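On a predicted model such as this, the values are computed, not experimentally measured, just so you know.
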Amino acid sequence: MVDVAKYPFLTHRSGSDNLYYKRSVPTELRAPGRPKQVWKSLGTPDRKKAQRAYAAKHAEIELLFDEWRTTDNRPVAKADIVKI
């Protein structure tokens, strides 16, 4: 039996044989132009191979979320302010 708790974001996608990493974007990181969910192919329909690729994909998504947190917390530069 596969321990689902170890791979909570592992799923199938309609129209594809491959397994995917699917994760909702945390509410505090949602912004115009950003997706509400992140889907990344694990490049294989084989569950064992997908589980081996899972950790790297999880780390990739965590880095993306960290980049968004950094961007969102960056102070606005004077050049970015538009006078009306």
Q) Between V25 and K36, is a side-chain contact (heavy atoms from CB on, under 4.5 Å) present by the stated rule, with each step listed? A) CA-CA 5 Å; V25 173; K36 290 183 180 179; 5.7 Å; no
Q | Check against salt bridge (Lys or Arg N to Asp or Glu O under 4.0 Å), R23 and E62 | A | CA-CA 10 Å; R23 185 161 174 196; E62 285 296 320; 2.5 Å; yes
**Q.** Stepwise salt bridge (Lys or Arg N to Asp or Glu O under 4.0 Å) test for R69 and D66
**A.** CA-CA 5 Å; R69 282 184 190 93; D66 285 344; 3.2 Å; yes
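Nearest heavy atoms, L19 versus A50: CD1-CB, 3.5 Å.
A distance of 12.5 Å separates NZ in K57 from CG in L10, rounded to the nearest 0.5 Å. The CG atom of L42 lies 12.0 Å from the CZ atom of R13; values are rounded to the nearest 0.5 Å. Distance check, rounded to the nearest 0.5 Å: CD of E67 to OG1 of T71 gives 7.0 Å.
Around atom CG of D17, no more than 12 heavy atoms belonging to other residues, nucleotides or ligands sit under 6.0 Å away.
Ring geometry, F65 versus W68: the interplanar angle falls from 30° to 60°, so the pair is classed tilted. Using bins of under 30°, 30° to 60° and over 60° for the plane-to-plane angle, the ring pair F9/Y54 lands in the parallel bin.
Side-chain polar atoms of H12 and Y20 form no donor-acceptor pair below 3.5 angstrom.
Taking the side chain as every heavy atom from C-beta outward, S24 and R30 approach each other to under 4.5 Å.
Checked against side chain to side chain contact (heavy atoms under 4.5 Å, CB included), K48 has the following partners two or more places apart in sequence or in another chain: D46, R52.
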